[in-house]
Chemist: 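What follows is a single structure, and I will ask about it in a moment.
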Amino acid sequence: MLPLSRPDLLLSDAFLAGRPHAGAERFAVTNPATGALLAEVTDCTPEDAAQAIEAATQAQRDWARQTGKARAAILRRWHDLVIAHADDLATILTAEMGKPLAEAKGEILYGAGYIEFYAEEAKRLYGETLPGHQSDKRLIVLRQPVGVVGAITPWNFPNAMIARKAAPALAAGCAIVVKPAAETPLSSLALALLAQEAGLPDGLLSVLPSTWAASIGQEFCDNPRMRKISFTGSTNVGRILMRQGAAQIKKLSLELGGNAPFIVFDDADLDAAVEGCLLSKFRNAGQTCVCTNRIYVQDAVHDAFVAKLAAAVAALPVGDGFAPGTAIGPLISPAAVEKVRDHVSDATAKGATLVTGGAAHALGGTYFQPTVLSGVTAEMAVAREETFGPLAPVFRFQTVDEVLAAANDTDFGLASYVYTGSLSRSWQVMEGLEYGMVGVNTGLISTELAPFGGIKQSGTGREGGRQGIEDYLELKYCCLSV
Ligand code: ADP
């Protein structure tokens with residue numbers, strides 16, 4: 001049993017239109033650190049999805065008619081309840097996902113930030129009046145909710161990925177049907193219960209755990225009442241949804257994979273760069289889409305940086321997310337471990353040097369040693385593919401032009417990072433990087449206050465900031481002849 005002050009936050013039935021839905025089938029949710037069974041949750045079907053979409057359609061009409069201030073009040077209460085139960089939510093999150101408890105708590109607060117921010121924004125969905133093109137014409141632009149939205153989310157941020165879609169959608173006056181990752185449905189079910197306790201009307205937020213991801217995705221795309229899909233996950237599934245959505249010109253927000261470069265110039269503060277690199281590379285054991293994937297270090301400081309990084313990485317405590325002091329938890333699955341192992345062996349076979357780590361951890365299971373490789377080159381798999389694990393590959397470079405070309409030589413364009421002591425070089429690199437986000441002298445860029453998202457094959461649309469709510473609004477131009 002998990003140590004929860006509110007054990008009823010651990011739900012195993014789907015949350016369909018405000019009610020628990022037992023369904024016909026169940027699937028197991030386990031703790032990746034121990035393999036222990038946490039819950040047998042409802043395995044929702046495409047028919048359940050259709051039912052949730054129907055209920056959302058009914059509920060959304062009234063919701064859209066409410067004032068922004070009324071919607072804001074409910075979202076604000078939801079935020080307060082999430083904060084009040086942050087410890088329980090973090091416990092559920094660590095149990096189902098594996099990340100260290102302190103990181104899980106950080107995710108709960110980060111997710112709550114989106115709810116708070118969009119509660120505030122609900123009151124500020126301003127339209128516009130435009131100068132008319134004829135003297136008797138008055139032109140107005142309204143901003144109205146898209147309607148019913150589907151959310152499909154990954155396992156690496158089981159709470160925040162829901163919060164950052166549901167909060168702007170609900171603030172805008174939309175309803176939302178969530179299909180969380182099968183690995184981590186428990187955090188999203190707890191969030192839905194708290195939303196209901198905050199006074200959110202039934203039907204506006206349904207959560208449908210399922211192992212039938214593809215057929216639920218198909219229902220989302222085929223159901224004409226579903227007006228938009230917001231997806232976070234792999235580029236491959238994003239591509240599938242885009243293809244499937246084409247028939248109905250489905251609106252899509254896609255937050256897909258990354259291949260983040262982390263560039264260290266010879267005028268950088270090396271200790272700060274190592275610290276930033278640890279944060280951006282090893283947070284969530286390397287399992288985030290903004291995690292550093294390629295580290296480029298300028299020739300003059302290369303050896304010193306590698307030595308400092310390797311010492312810091314070797315000292316990272318690996319263990320169960322609930323053990324005090326753990327910095328690196330287990331990976332989500334054996335397949336995730338295999339990918340890290342493949343990237344290490346591919347790189348070493350092609351001439352890279354293993355500086356620290358490189359193998360399964362003595363703890364067994366899905367634990368992997370935090371690893372540093374040097375002498376990495378563009379020919380290695382790790383240069384092109386997201387490792388999504390605790391592997392830091394270091395490349396050497398000489399000039400700004402060379403490193404910009406290398407950093408941009410990828411199909412992806414989500415996060416990027418640069419460390420330099422020079423203001424003009426910061427600007428030069430910031431402007432030259434083909435990415436949706438750039439961190440300068442920082443390894444941590446995610447905040448609800450800013451538009452998070454990618455370019456190229458990392459996706460389309462933004463989450464967070466004033467811009468994030470635009471994905472859930474339609475513009476309506478009205479021309480009045482007076
Ligand atoms: P990851 O590798 O992080 O699991 P995925 O893109 O496979 O990335 O999964 C992200 C989310 O997409 C999960 O909720 C998963 O169940 C869902 N998913 C997987 N395949 C499909 C599909 N064909 N259509 C819709 N959703 C899918």
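In each ligand, atom 1 is the first atom listed, and ligand 1 is the first ligand listed. This structure is a prediction, so every number in the text was calculated from the model and none was measured. Values reported hereafter were calculated over all heavy atoms of this structure, with side chains retained and with hydrogens, waters and symmetry mates removed.
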Chemist: So Y367 and H361, would you call those rings parallel, tilted or perpendicular, with 30° and 60° as cut-offs?
Modeler: tilted
Chemist: For A214, counting its heavy atoms only, list the atoms of ligand 1 lying under 4.0 Å from any of them.
Modeler: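 Contacts of ligand 1 toward A214, numbered from 1: 22 (C), 23 (N), 24 (N).
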Chemist: For atom 24 (N) of ligand 1, state whether the nearest protein heavy atom is under 4.0 Å away.
Modeler: yes
Chemist: Hey, are N259 and R384 close enough side-chain-wise for a donor-acceptor pair under 3.5 Å?
Modeler: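 No, because no side-chain N or O of R384 sits under 3.5 Å from a partner of the opposite role on N259.
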Chemist: Under 4.0 Å, counting heavy atoms only: does W155 come that close to any atom of ligand 1?
Modeler: yes
Chemist: Under 4.0 Å between a side-chain nitrogen and a carboxylate oxygen: does that hold for E470 and R143?
Modeler: yes
Chemist: Atom 26 (N) of ligand 1: which of C221, S333, C289, A213 has the nearest heavy atom?
Modeler: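 Answer by nearest heavy atom: A213.
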Chemist: When you measure from the centre of the six-membered ring of F157, is the NZ or CZ of K99 closer than 6.0 Å and no more than 45° off the axis?
Modeler: yes
Chemist: Relative to ligand 1, is T153 under 4.0 angstrom through side chain, backbone, both or neither, heavy atoms considered?
Modeler: backbone
Chemist: Does F231 come within less than 4.0 Å of ligand 1, judged by its heavy atoms?
Modeler: yes
Chemist: Judged by modelled atom types alone, do E463 and S253 share a side-chain donor-acceptor pair under 3.5 Å?
Modeler: no
Chemist: Of T232, I332, T211, L256, which has the heavy atom at the shortest distance from atom 10 (C) of ligand 1?
Modeler: T232
Chemist: Backbone or side chain, does any N or O of K179 fall under 3.5 Å from an N or O of ligand 1?
Modeler: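 N/O-N/O distance below 3.5 Å exists for this pair.
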Chemist: Check the side chains of E47 and Q51 for a donor-acceptor pair under 3.5 angstrom, ignoring hydrogens and angles.
Modeler: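 The answer is no; no qualifying pair exists.
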Chemist: Flag atom 12 (O) of ligand 1 as yes if some protein heavy-atom distance to it falls below 4.0 Å, otherwise no.
Modeler: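 Within 4.0 Å of atom 12 (O) of ligand 1, protein heavy atoms are found.
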Chemist: Below 4.0 angstrom from a heavy atom of I152, which ligand 1 atoms are there? Numbered from 1 as shown, please.
Modeler: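 Reading through ligand 1 atom by atom, the close ones are 11 (C), 12 (O), 14 (O), 17 (C), 25 (C), 26 (N).
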Chemist: Any donor-acceptor pair under 3.5 Å linking the side-chain atoms of T91 with those of D88?
Modeler: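 No pair is found: no donor N or O on one side chain lies under 3.5 Å from an acceptor on the other.
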Chemist: Is it the case that ligand 1 has an N or O less than 3.5 angstrom from some N or O of S234?
Modeler: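 Yes, S234 has an N/O under 3.5 Å of an N/O on ligand 1.
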